[in-house]
Colleague: 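What follows is a single structure, and I will ask about it in a moment.
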Amino acid sequence: MREIIRFAWGTSSLGDFMIAMSKKGLVALEFNLRRAATEEALRVRFTEADVLDSQTDLVNIVELVRRAIEDPCFDPDLPLDLRGTAYEITVWKMLQSIPAGKTTNYGALAAELGTRDARDVTEAIARNPIAVLVPCHRVIKKDGSISGYRWGVKRKRALLALEQNGKDFRLE
DNA sequence: GAATTGTCACCAG
DNA sequence: CTGGTGACAATTC
């Protein structure tokens, strides 16, 4: 029985994005300018599945995701269908527990995992298929600089600025 | 900023 | 087991 993957496009202040869902939950959230290439990547990633354009079926999800991108405090509460090695999934779950407006660094995450090398953490984060909802943008280097981001360093800066100028966090 | 080097857990084969 | 591989980190210019 072939699996069904449905996808749809949305727009945000950070650019167009594509979401993809399996039966279980979100499998991808990608920013990309070139839609054809992104859709192709999805088909390659799920060669065993039927990949369908379901723009109309997913409008509600698209809207939830769009709000989550625009407003870091908004929790779309969507199920995520994480696919990866056990290690990657562990890392992604840790990322999700980072509060909005806060940042950490690769070394700290590594320490929490009980490993010594920051780079394995980095690699797992880099494989994160779901932008923003798995907040890989909240992880920066130890000296505070931004090194890389799968969807562009510019986008990472924008996200961080958005969260840190954050509307409703005052306190302190 | 950019280049340079040490280092090591992870994963695929 | 072996080897390639880094969205690192610390150092240097």
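Lettering follows sequence order; numbering is per chain, from 1.
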Colleague: Need two values: the first and the last nucleotide of DNA chain C, 5' to 3', having an atom under 4.0 Å from any heavy-atom of chain A.
Modeller: C:dG6 to C:dA10
Colleague: When the distance from CD of A:E123 to P of B:dC10 is rounded to whole Å, what number comes out?
Modeller: 11 Å
Colleague: Strictly by Watson-Crick or wobble contacts shorter than 3.5 Å, is anything paired with C:dT2, and which nucleotide is it?
Modeller: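 Across all strands, the one nucleotide that pairs with C:dT2 is B:dA12.
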Colleague: To the nearest 0.5 Å, how far apart are CG in A:N128 and CD in A:E123?
Modeller: 13.5 Å
Colleague: When we call it a touch if two heavy atoms are under 4.0 Å apart, what does A:T85 touch: a base, just sugar-phosphate, or nothing?
Modeller: sugar-phosphate
Colleague: Whole angstroms only, please: what is the CG-C1' distance between A:D120 and B:dA9?
Modeller: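 In whole Å, B:dA9 C1' lies 5 Å from A:D120 CG.
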Colleague: Return the value, rounded to whole Å, for the distance between atom CD of A:E88 and atom P of B:dC11.
Modeller: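 Answer to the nearest Å: 6 Å.
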Colleague: Within this structure, what is the CZ-to-P distance between A:R127 and B:dC11, rounded to whole angstrom?
Modeller: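 Between P of B:dC11 and CZ of A:R127: 7 Å.
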Colleague: Would A:K102 and A:E163 pass as an ion pair if we require N to O under 4.0 Å?
Modeller: no
Colleague: Taking only the side-chain heavy atoms of A:Y87 (C-beta and beyond), determine which of B:dC11, B:dA9, B:dT7 contains the nearest atom.
Modeller: B:dC11
Colleague: Closer than 4.0 angstrom, basic N to acidic O: yes or no for A:R66 and A:E63?
Modeller: yes
Colleague: Testing the 3.5 Å rule here: is there a donor-acceptor pair between the side chains of A:D81 and A:S22?
Modeller: yes
Colleague: Under 3.5 Å for both donor-acceptor distances, Watson-Crick or wobble: does B:dG6 have a partner, and if so which one?
Modeller: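 In the structure as shown, B:dG6 has C:dC8 as its Watson-Crick or wobble partner.
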Colleague: For the side chain to side chain donor-acceptor pair (under 3.5 Å) test, which of A:R83, A:K93, A:R127 pairs with A:E88?
Modeller: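 With A:E88 as partner, A:R83, A:K93, A:R127 yield a single side chain to side chain donor-acceptor pair (under 3.5 Å), made by A:R127.
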Colleague: Can you find a side-chain donor-acceptor pair between A:D143 and A:S145 that sits under 3.5 Å?
Modeller: yes
